[in-house]
Amino acid sequence: MPELPEVETTIRGLEPVLLGQRLASVDPRRPDLRRPIPADLRQRLTGATVTRLHRRAKYGLIDTSRGDTMIFHLGMSGRWRVDPEEIGTHDHLLIETGEGRRLALNDPRRFGSLDIVETEALAGFAPFVRLGPEPLGPEFTARHLAAALAGRAAPIKALLLDQRVVAGLGNIYVCEALHMAGIAPGTMGRRIGMVRLDRLARAIEAVLASAIEAGGSSLRDFARPDGELGYFSKQWRAYGREGEPCHCGTPIRRRTDGGRSTFYCPRCQR
DNA sequence: AGGTTGACCTGTACGC
DNA sequence: TGCGTACAGGTCAACC
């Protein structure tokens, strides 16, 4: 679930619960997820007030009045549960706010992460150092793609999954953007000219924007205690649609690249 | 250096 | 019902 639009929607859903609130308790339930959870995370957050929630790539950022930022990554299976009735085995971090709201970071596969860094030092946080531009920001253009893909022989699908090229795309939205742009996933990066790169950049922006909008339109569902988000209406044109007709009528195909499924239309995507 | 592969974890869906 | 297999939205280290 968690690619850029899902993290963005998560941040927007957490905002009404956390923004301006004092963190009455912050309780890691295990020492690590994908990597160790900083031992001082609890102490640095407890009693602090949340001043801002934002996002970089697929990372959620929670700033506090003490000059710290908690950084969470949802991995493959992470989500925040709001006011859960019970705490389960995969609730790895518990938070209670000054007004008694409770949050649980739930992540069965534990591919996610939790970190805390000084807000001023965010740019130096190791996973951020080499990230490419935000796809919905001003630096992301066809020109940027041209520079990033110059001389690259790897397939465009792999290049778009590389967070150094552009930050925040995952398997679903790469498939969707390539389908929308009419580019075959196996095309070598260096073989894509400016006209198609321009189409690709706009497709990426459009796919992400509409996914965020779809999430945002049902944000009130976020706070359901079961944690089900309910807004993943499957409006995908290619992803998960093997055998179903593309808008051109040709059945969508699925293949495996580097262990990941790729969905594409063999007629529309060249 | 760039490109590719496998490992990390658990849950779920499906075929027999 | 039970068992085995395939697969899942992400990174990152280790290899050619």
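A note on names: the letters A, B, ... follow the listed sequences, proteins ahead of strands, and every chain is numbered from 1.
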Check whether any side-chain nitrogen or oxygen of [X] sits under 4.0 Å from OP1 or OP2 of [N], and answer yes or no.
{"X": "R34(A)", "N": "dC12(C)", "answer": "yes"}
{"X": "Q163(A)", "N": "dT11(C)", "answer": "yes"}
{"X": "H73(A)", "N": "dT11(C)", "answer": "yes"}
{"X": "R79(A)", "N": "dG9(C)", "answer": "no"}
{"X": "R254(A)", "N": "dA8(C)", "answer": "yes"}

> So, D83(A) and R102(A), do they make that salt bridge, N to O below 4.0 Å?
Replying inline: no
> Less than 4.0 Å between a side-chain N and a carboxylate O, is that true for E99(A) and R22(A)?
Replying inline: no
> Can the ring centres of W236(A) and F263(A) be said to be less than 6.0 Å apart?
Replying inline: no
>> Please report whether the ring centroid of Y173(A) lies less than 6.0 Å from that of Y239(A).
In response: no
>> Which helical stems does DNA chain C take part in, if a stem means at least 3 consecutive Watson-Crick or G-U pairs with both distances below 3.5 Å?
In response: B:2-8 with C:10-16, B:10-16 with C:2-8
> May F111(A) be described as stacking on the base of dT11(C), applying a 5.5 Å centroid limit and a 30° limit on plane angle?
Replying inline: no
Candidate nucleotides [options], ranked by approach to the side chain of [X] - the nearest:
{"X": "H90(A)", "options": "dG11(B), dA8(C), dG9(C)", "value": "dG11(B)"}
{"X": "R110(A)", "options": "dG11(B), dC9(B), dA8(C)", "value": "dC9(B)"}
{"X": "A154(A)", "options": "dT10(B), dG9(C), dG3(B)", "value": "dG3(B)"}
{"X": "A153(A)", "options": "dG10(C), dG9(C), dG3(B)", "value": "dG3(B)"}

> When all nucleic acid strands are considered with a 4.0 Å heavy-atom cut-off, which category describes S113(A): base, sugar-phosphate, or nothing?
Replying inline: nothing
> R152(A) near the nucleic acid: base, sugar-phosphate alone, or nothing, with a heavy-atom cut-off under 4.0 Å?
Replying inline: sugar-phosphate
> Are the side chain of R152(A) and the backbone N or O of A154(A) linked by a donor-acceptor pair below 3.5 Å?
Replying inline: no
>> Tell me the closest heavy-atom pair linking P84(A) and A104(A), and the distance in Å.
In response: CG-CB, 4.1 Å
> Can T51(A) and L19(A) be said to form a side chain to side chain contact (heavy atoms under 4.5 Å, CB included), step by step?
Replying inline: CA-CA 6 Å; T51(A) 55; L19(A) 187 59; 5.7 Å; no
